[in-house]
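Reviewing the structure listed below.
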Amino acid sequence: MMLFALKLLLAHFMGDFVFQPRHWVEDKLQKKGRSKYLYFHIGVHLLVLLLLLQFQHLGAIMVIVATHYLIDLGKLYLTNPKNYRWLFVVDQVLHLLVLCGVLYWVYPFQIDFSQVFDEKTLLVITFLVFVTYVCGIIMRMLLAPYIDEVAKSDEPSEGGSLKNAGTYIGMLERLFVFGFILIQQWAAIGLLIAAKSVFRFGDLNKGKNRKLTEYVLIGTLLSFGLAILSGICYLYLSDQL
């Protein structure tokens with residue numbers, strides 16, 4: 001079953017990403033169902049599935065190809081500049097659900113949902129939520145006394161900053177630190193700190209703003225400290241289960 005599932009997933013990745021040039025996508029968005037590249041795209045999927053499955057499970061292949069065409073066609077007619085990102089997610093989820101359905105059809109399997117709610121799984125989920133969202137709110141509360149002062153003394157920067165970039169950077173760095181601790185790669189945390197320092201050094205040095213530098217340093221140390229503490233707590237609690 002695992003081999004069959006991997007072949008289906010690989011065929012999807014190859015057809016939807018590797019063998020679909022950008023100009024195919026642009027032409028499909030412009031011409032919708034009249035685009036020849038829509039049918040080239042479906043043909044690529046068919047060919048990859050036939051090769052990977054060695055011309056076996058032809059019924060499953062036809063189901064995958066037909067549903068892929070219908071899902072893609074629906075996405076093309078619904079896509080606009082405002083919804084194309086979440087429609088991409090919906091499109092991929094639908095394709096993966098079809099693959100799961102085909103997998104169940106060929107190799108019936110059972111899902112033990114009780115494992116989703118066991119202690120270890122809930123512990124991981126709890127700490128992931130804490131490291132990403134809760135820590136961000138804690139940091140904002142702790143740094144609140146300095147935000148106005150830094151904003152007043154901060155010099156205008158060229159180009160500004162991406163919306164919510166700092167929030168996402170903080171989430172990602174804490175996830176990396178948490179993951180490194182779980183796999184016992186403490187040295188990688190040092191490399192992550194060094195990498196962030198290199199990227200931030202140019203902006204801080206150019207601005208020559210001591211208050212901003214101190215604010216960024218406090219925020220960085222808080223972020224890494226909370227992530228490290230979370231990782232240590234998780235390892236301790238997981239050992240007790």
Side-chain angles (χ1 to χ4, degrees), residues 1-129 132-133 171-172 175 178-179 182-183 238 241:
M1 183 181 76
M2 181 60 70
L3 179 60
F4 183 71
L6 289 175
K7 287 182 177 180
L8 293 182
L9 194 59
L10 177 60
H12 176 70
F13 289 159
M14 297 290 283
D16 245 18
F17 300 100
V18 179
F19 295 129
Q20 184 173 208
R22 185 173 181 82
H23 70 273
W24 287 21
V25 177
E26 294 173 351
D27 189 81
K28 289 192 300 179
L29 288 172
Q30 182 179 1
K31 299 179 180 178
K32 315 297 183 185
R34 296 180 290 106
S35 173
K36 63 181 180 180
Y37 294 115
L38 173 60
Y39 304 96
F40 288 176
H41 175 61
I42 299 302
V44 168
H45 270 283
L46 176 61
L47 181 60
V48 174
L49 282 167
L50 288 172
L51 292 175
L52 286 177
L53 297 179
Q54 299 176 337
F55 293 86
Q56 299 177 354
H57 308 291
L58 295 180
I61 291 175
M62 298 317 307
V63 169
I64 294 172
V65 171
T67 54
H68 197 102
Y69 169 74
L70 294 174
I71 292 170
D72 278 13
L73 189 63
K75 186 186 74 169
L76 291 175
Y77 281 101
L78 293 174
T79 298
N80 59 56
K82 295 182 179 179
N83 67 8
Y84 73 95
R85 285 180 294 184
W86 68 262
L87 267 183
F88 169 80
V89 175
V90 172
D91 170 76
Q92 293 300 313
V93 169
L94 290 176
H95 289 318
L96 293 177
L97 287 175
V98 169
L99 296 184
C100 289
V102 169
L103 178 63
Y104 181 80
W105 175 30
V106 178
Y107 294 100
F109 58 89
Q110 292 183 345
I111 301 176
D112 186 4
F113 287 100
S114 63
Q115 294 183 356
V116 178
F117 300 102
D118 65 9
E119 291 179 330
K120 289 190 175 181
T121 303
L122 288 176
L123 184 65
V124 172
I125 295 174
T126 300
F127 272 91
L128 288 177
V129 173
T132 51
Y133 291 96
M171 286 184 177
L172 289 172
L175 281 174
F178 185 71
L182 264 57
I183 61 176
S238 63
L241 297 179

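Quick caveat: nothing in here was measured; it's all calculated off a predicted structure. Every heavy atom of this structure was used, including side-chain atoms; hydrogens, water molecules and symmetry mates were not.
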Between Leu103 and Leu99, is a side-chain contact (heavy atoms from CB on, under 4.5 Å) present by the stated rule, with each step listed?
CA-CA 6 Å; Leu103 178 63; Leu99 296 184; over 6 Å; no
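Looking at residues two or more places apart in sequence or on another chain, you find a side-chain hydrogen bond (donor to acceptor under 3.5 Å, both in side chains) between Tyr39 and Tyr69. Here Thr126 pairs with nothing under the side-chain hydrogen bond (donor to acceptor under 3.5 Å, both in side chains) rule; sequence neighbours left out. Every residue two or more places apart in sequence or in another chain that forms a ring pair (Phe, Tyr, Trp, His ring centres under 6.0 Å) with Tyr107 is listed here: Phe4. A search for side-chain hydrogen bond (donor to acceptor under 3.5 Å, both in side chains) contacts involving Thr132 returns nothing, not counting sequence neighbours. When the side chain to side chain contact (heavy atoms under 4.5 Å, CB included) test is applied to Ile183, the partners found at least two apart in sequence or on another chain are Phe180, Gln185. The side-chain hydrogen bond (donor to acceptor under 3.5 Å, both in side chains) check on Asp118 picks up Thr121, with sequence neighbours excluded. Partners of Tyr133 by side chain to side chain contact (heavy atoms under 4.5 Å, CB included), not counting sequence neighbours, listed by chain and number: Met171.
Atom-to-atom distance recorded for Phe13:CZ and Gln20:CD is 14.0 Å, nearest 0.5 angstrom. Remark: Ser35 OG to Gln30 CD distance equals 9.0 Å, nearest 0.5 Å. Once rounded to the nearest 0.5 Å, the distance linking SG of Cys100 with CZ of Phe109 reads 6.0 Å. To the nearest 0.5 angstrom, Phe17 atom CZ is 5.0 Å from His12 atom NE2. The distance from the NZ atom of Lys28 to the CH2 atom of Trp24 is 8.5 Å, given to the nearest 0.5 Å. Distance check: Gln92 CD to Leu96 CG gives 6.5 Å after rounding to the nearest 0.5 Å.
Residues Phe178 and Phe127 share a closest heavy-atom pair of CZ-CB, 3.7 Å. Taking both residues in full, the closest heavy atoms of Val63 and Thr67 are given as O-OG1, 2.8 Å, listed atom of the first, atom of the second, then distance.
Residue pairs meeting the salt bridge (charged side-chain N to carboxylate O under 4.0 Å, His left out) criterion with at least one member in residues 30-51, sequence neighbours excluded, are Asp27-Lys31. Each salt bridge (charged side-chain N to carboxylate O under 4.0 Å, His left out) pair with one or both residues in residues 38-63, not counting sequence neighbours, would appear here, but there are none. Judged as a salt bridge (charged side-chain N to carboxylate O under 4.0 Å, His left out), not a single pair has a partner in residues 55-73 (not counting sequence neighbours). Counting only residues at least two apart or on different chains, no side-chain hydrogen bond (donor to acceptor under 3.5 Å, both in side chains) pair has a member in residues 73-87.
Annotation: Glu26, atom CD; neighbour count of heavy atoms from other residues, nucleotides and ligands within 6.0 Å is above 12.
Proximity of His23 to Tyr37: side-chain heavy atoms (C-beta onward) are separated by under 4.5 Å at one or more points.
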Validation: residues 43-61 side-chain donor-acceptor distances under 3.5 Å, sequence neighbours left out:
{"from": "His45", "atom 1": "NE2", "to": "Asp16", "atom 2": "OD1", "distance (Å)": "3.3"}
{"from": "His45", "atom 1": "NE2", "to": "His68", "atom 2": "NE2", "distance (Å)": "3.3"}

